[in-house]
Amino acid sequence: MEINPVKGTHDIIADEANLYTMIEHTAMMVASEFGYQEIRTPIIEHTPLFLRSVGESSDIVNKEMYTFDDKGGRSVTLRPELTAGIMRSIVSNKLHANADLPLKYRYVGPCFRYERPQAGRYRQFNQFGVEAIGAPGIYQDAEVITMGQRILLSVGLEDVKVLINSLGDEESRNAYRQALREFFSKHIDKMCSDCKRRLEQNPLRILDCKVPEDKEIIKDAPKMIDYLSPAAKAYLMSVIAILKSVGIETEIDPTLVRGLDYYTGVVFEYHFEKKEGIDDVGALGAGGHYANLLQEVGGPSLEGVGVAFGIERLAYIIKSQMQQNGIHFGLDFYLMGMTDDIIQKNFVLADMLREGGFSGEMNYSTKSMGAMFKVAARKGAKFAIIVGEDEIARKEVAVKNLKTQEQTIVKLEDLENVLHSMIDKYYADMNAAPTEEE
Ligand code: ATP
Ligand code: MG
């Protein structure tokens, strides 16, 4: 019997895994430039952690959690997100006690949500994110949004829109909930069963509904911005102004409420601008300010702000862009030799080139030229380096650009330098260089 992967899970193999590594590595580097330190927390946590943090009215708690009793009869849950576990870890390890505030952590790892699998939506997926706890205020919120934008730029995503909104303070939220309740009561018959539940539990959640017909109704709902207290509105405008000062344009989206109950104040999402041939996979990343979360899970009353990116969604967009631009992950060179004697010399040359920072492979048994070019193409090599008897005698090699088929004769002593500039030119010609660990 063939055993299939569990529905909603996926294997990440070869080039795709390279892409994930590149994204995670880049995100971690950018976050550390902003002063975030790594934290790794367990994948399983006690179920009440998520009930208290993510919240009873969220879709996650209502229907998406992988919850089960362990052999000792304790209810545990595979984490649907990482923020809650990080808050728990701060409390468990008293991290706030002897550190300068804010605490700043970055993380990456798998999450689990029992959702209907579709483009950009899996049951096991990976998130990268950061949390800053204990320095509430406009600059800290703006820092997290800026960092997120820098990550997107660093992985090669330029056409991104930053949507922003504020959930206000407790008072404005209550007034707004009341207004939503009144509005949606008139339309709820026509809306999905989730929205019916949301109307009872927390009408704010309705704004996050993804059902197209419901979205039409939601368009006319009262707007949070009209219910914000003057202080909350001024706060939002200040964050927007700080972002502008570092060149980040934002767009206020009055229906942006986020799917987790713990957000208060500023919330935001990053969206890839629609492009021909690239599916819309929803928000690439999202986050917001949370005033009470740490306290909810038994910690001190410290406010925080965080963001999380879905690595699968980033990988999908980057992969699509690379395909459109004809860029692929591949070797820098494939070194070809026709005789055993040359293969022996090539082994030393390949080693030298890898020392010089190039990636590459070579043939270990004699093959026809045609066969070797096929291998080089399959491996996605940018250049074939061809070494023949005549070339060896003249201390030269032939370097062939496998995309343009242009061939150049290069002196052995110049090979590293020439290869460097050829690779730079290779990317420049594609006019969108991938940011592969540069
Ligand atoms: P959505 O509105 O798309 O359901 P969400 O509000 O549930 O997203 P968050 O909980 O804020 O998302 O998670 C942050 C990021 O994690 C999302 O922006 C998205 O990129 C990613 N993400 C969330 N759920 C999934 C999933 N099931 N599969 C893949 N990525 C996901
Ligand atoms: Mg969701």
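Both ligands and their constituent atoms are indexed starting at 1 by order of listing. These numbers were taken from a predicted model, which means no experiment stands behind them.
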Can you tell me which residue pairs pass the salt bridge (Lys or Arg N to Asp or Glu O under 4.0 Å) test with a partner in residues 292-315, sequence neighbours excluded?
none
E200 and R197 ion-paired at < 4.0 Å
no
Provide the full list of ring-ring contact (aromatic ring centres under 6.0 Å, His included) pairs with a residue in residues 40-80, sequence neighbours left out, each pair given once.
Y66-Y114
Grab the two heavy atoms, one from V307 and one from Y107, that are nearest each other, plus how far apart they are.
O-OH, 3.7 Å
Restricting to side-chain hydrogen bond (donor to acceptor under 3.5 Å, both in side chains), what partner residues turn up for S238, sequence neighbours left out?
none
Measuring from each atom of ligand 1, which residues have a heavy atom under 4.0 Å away?
R113, E115, G120, R121, Y122, F125, Q127, K210, R258, L260, A283, L284, G285, A286, A308, G310, R313
Which heavy atom of I317 sits nearest to which heavy atom of D279, and what is that distance?
CD1-O, 4.3 Å
